[in-house]
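First comes the structure, then the notes that go with it.
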Amino acid sequence: HHHPNILHETMSGARVYDGHEWIPVEETVRHTGSHAPVPPVKEGDGSIFVSLPSFRDGERCAETISSIFQNAKNPDKIMVGLIEEAAPEDKYCLEQYCANQGIQFIQRQTIRADMTKVIATEAIEECPRINQIRLLSKYNIAAKGPTDARALTRKIVGNEEFCLQIDSHTAFTQDWDVVAKEEWHVTGNEFAVLSTAPAKMSEQQDYESWTGSKSKEVPRQCLPKILDNNIPDFFSPADGKAVSLEKPLLSHAWNPAFSFSKCHIEESAPYDPFTPYVMAAEAFPRFARFWTRGYDVYTPTRNIVFHDYGPNPGGHDMNEWFKQRRGSLRQESLDRIKAFLHIRGPVDTSETALANMGIYGLGKRRSLSQLYKFTGIDVNTMKVDKENINCANLEWVPYDSSISPTENLYQDADDLDPQPEFPLRTELTFYKEIDQPVGLQIDIGQDPILRE
């Protein structure tokens, strides 16, 4: 523990620094028994949907969209889903994006002191790749935090094969689309999610240049932490790092600012719209939901996106949407999260209450106790078992893949929450067996039943 860098100098090959010490990565992932992940099922069209929420962050958001298209090897296959929360006097993300390319399409007229009329003109048609951006707009005064904004993804995700989730202040590596898909395929896992706390944008050269001081490093989240509200979270920026990885490395953390997977994760574990006004309780609860549904997170071997961790240049921050919260609504969100995570407290954890969450609750492929063991959390004491967490070599947790990822752990609902609809996603990957005549069920070995 005292001389981590000396050990680092003598170690070669794939290794992880967990914030305290260096650990070599073992050659083979430990699989217990004969189980292994479900291999990628079939090739789709390779299209990528990039979900991008922006809260009064037009300038950085515009740069992010430019970075997406400019750095993609196949920009024609990219669809951006922009969920923007802004005020009428703000520079909108698309307004700025198009203006950066010489197209002005927004006109504002002040009608009286407190009223601005905003007009979008036909000039928007001239803006590059505007038909590859789906926009969902919302007034900033109705903002309820990131989980609420990201839940609106369901309204604009289409039939794209892959989904990438980022923030409105993100820069991309060259050919990021090809890199992400290659890394995803190398996992050999249909339910793989590439995710980590992104590297800092200000250090992009250190990571990307051959001679850079961080040229083989990728940030890796190692230890969970327990927040004051008793909900687990992960460190962001990351508390650890992986060096010289040869293939993506199984992880027990997830980060909302960079997450790349098949789009069916949006069917199996869509963001919960019934948790407004939560900020630090975003990552672990969604990780718990998709992990129990059979999805696995991996740290990629290289940095695909870079993140601006600095403040919003316009001075807008979470306090704007946070201060208009009603304390009772925030508490209801936290109680809802604690209920399905079985975190002790005065919450209704009856099976009926949990069944009423439907798809917003836990899945049936893996259990909550397996999750807490995997992440090193003692749910009774809400302490992290730091001694027994090996951040370099996690054991993949097997499951019965004949269980669908959309199957819920608790099923006897008496007052089911409204379940998500996907108006633009006309070809759902998973369907309920009862909806289909028997002849249409295609069971690919032990794979989940997939629509051909």
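Quick note: numbers below take in every heavy atom, side chains included, and nothing from hydrogens, waters or symmetry partners.
Between Arg129 and Asp76 a salt bridge is recorded (basic side-chain N to carboxylate O distance below 4.0 Å). Using a cut-off of 4.0 Å between Lys/Arg side-chain N and Asp/Glu carboxylate O, Glu183 and Lys247 are scored as not salt-bridged. In summary, Arg150 and Asp167 engage in a salt bridge, as defined by a charged side-chain N under 4.0 Å from a carboxylate O. We find that Glu421 and Arg154 are not joined by a salt bridge, their nearest charged nitrogen and carboxylate oxygen being 4.0 Å or further apart. Look at Arg425 and Glu161 and you find no salt bridge, because none of the NZ, NE, NH1 or NH2 atoms lies under 4.0 Å from a carboxylate O. Salt-bridge check for Lys138 with Asp148: passed, with a basic side-chain N closer than 4.0 Å to an acidic carboxylate O. A salt bridge does not link Asp400 with Arg366: none of the charged nitrogens is closer than 4.0 Å to a carboxylate oxygen.
Heavy-atom contacts from other residues, nucleotides or ligands closer than 6.0 Å to CD of Glu246 number 12 or fewer.
Contact of the Lys216 side chain with the Leu245 side chain is not registered, since no non-hydrogen atoms from C-beta on lie closer than 4.5 Å. Side-chain atoms of Pro285 and Phe287, non-hydrogen and from C-beta on, never get closer than 4.5 Å to each other. Here the side chains of Phe306 and Pro198 are not in contact, with every heavy-atom distance at 4.5 Å or above. In this structure the side chain of His252 never reaches within 4.5 angstrom of the side chain of Phe234, judged on heavy atoms. In this structure, Met79 and Val50 have side chains that are not in contact, with every pair of non-hydrogen atoms separated by 4.5 Å or more. Between Asp177 and Phe162 there is no side-chain heavy-atom pair separated by less than 4.5 Å. Val193 is not listed as a side-chain neighbour of Tyr298, based on a closest heavy-atom distance of 4.5 Å or more. Using a 4.5 Å heavy-atom cutoff, the side chains of Leu223 and Asp18 are not in contact.
Counting only distance, with no hydrogens or angles, the side chain of Asn408 and the backbone of Tyr410 share no donor-acceptor pair below 3.5 Å. Without hydrogens or angle criteria, Thr196 side chain to Pro219 main chain gives a donor-acceptor distance under 3.5 Å. Checking side-chain atoms of Thr292 against main-chain N and O of Ala288 turns up a donor-acceptor pair under 3.5 Å. Without hydrogens or angle criteria, Gln419 side chain to Asp417 main chain gives a donor-acceptor distance under 3.5 Å. Counting only distance, with no hydrogens or angles, the side chain of Asn71 and the backbone of Ser67 share a donor-acceptor pair below 3.5 Å. The main-chain N or O of Cys222 is found under 3.5 Å from a side-chain atom of Asp239 such that the two form a donor-acceptor pair. In this structure, Glu26 contributes its side chain and Asn393 its backbone to no donor-acceptor pair below 3.5 Å. In this structure a side-chain-to-backbone donor-acceptor pair under 3.5 Å is present from Thr147 to Thr275.
For Asn356 against Asp415, the heavy-atom pair with the smallest separation is OD1-N, 2.9 Å. Nearest heavy atom pair, residue Ile377 against residue Pro232, reads CD1-CB, 3.6 Å.
Asn189 and Asp296 share a donor-acceptor pair across their side chains, judged by distance under 3.5 Å alone. A donor atom on one side chain and an acceptor atom on the other are not found under 3.5 Å apart for Gln221 and Ser236. Side chains of Ser268 and Tyr295: a donor-acceptor N/O pair is present below 3.5 angstrom, by distance only. For the residue pair Ser168 / Arg60, no side-chain donor-acceptor distance below 3.5 Å is found, with atom types taken as modelled. Between Asn303 and Thr173, the side chains place no donor N or O within less than 3.5 Å of an acceptor N or O (distance only, hydrogens not considered). Using a 3.5 Å distance cut-off with no hydrogens or angles, the side chains of His316 and Asp57 do not pair a donor with an acceptor.
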For a ring-ring contact (aromatic ring centres under 6.0 Å, His included) check, start with the C-alpha distance between Phe290 and His264, then their side-chain angles and the critical distance, and finish with the verdict. CA-CA 11 Å; Phe290 68 62; His264 54 60; over 10 Å; no
Derivation and outcome, ring-ring contact (aromatic ring centres under 6.0 Å, His included), residues Phe374 and Trp291: CA-CA 10 Å; Phe374 184 68; Trp291 193 85; 5.1 Å; yes
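Applying the side chain to side chain donor-acceptor pair (under 3.5 Å) test between Tyr271 and each of Arg286, Glu266, Glu282 identifies Glu282 as the sole match.
Under the 6.0 Å distance and 45° angle rule, Arg293 does not count as a cation-pi partner of Phe191.
With rounding to the nearest 0.5 angstrom, the CZ atom of Phe260 is 8.5 Å from the CH2 atom of Trp184.
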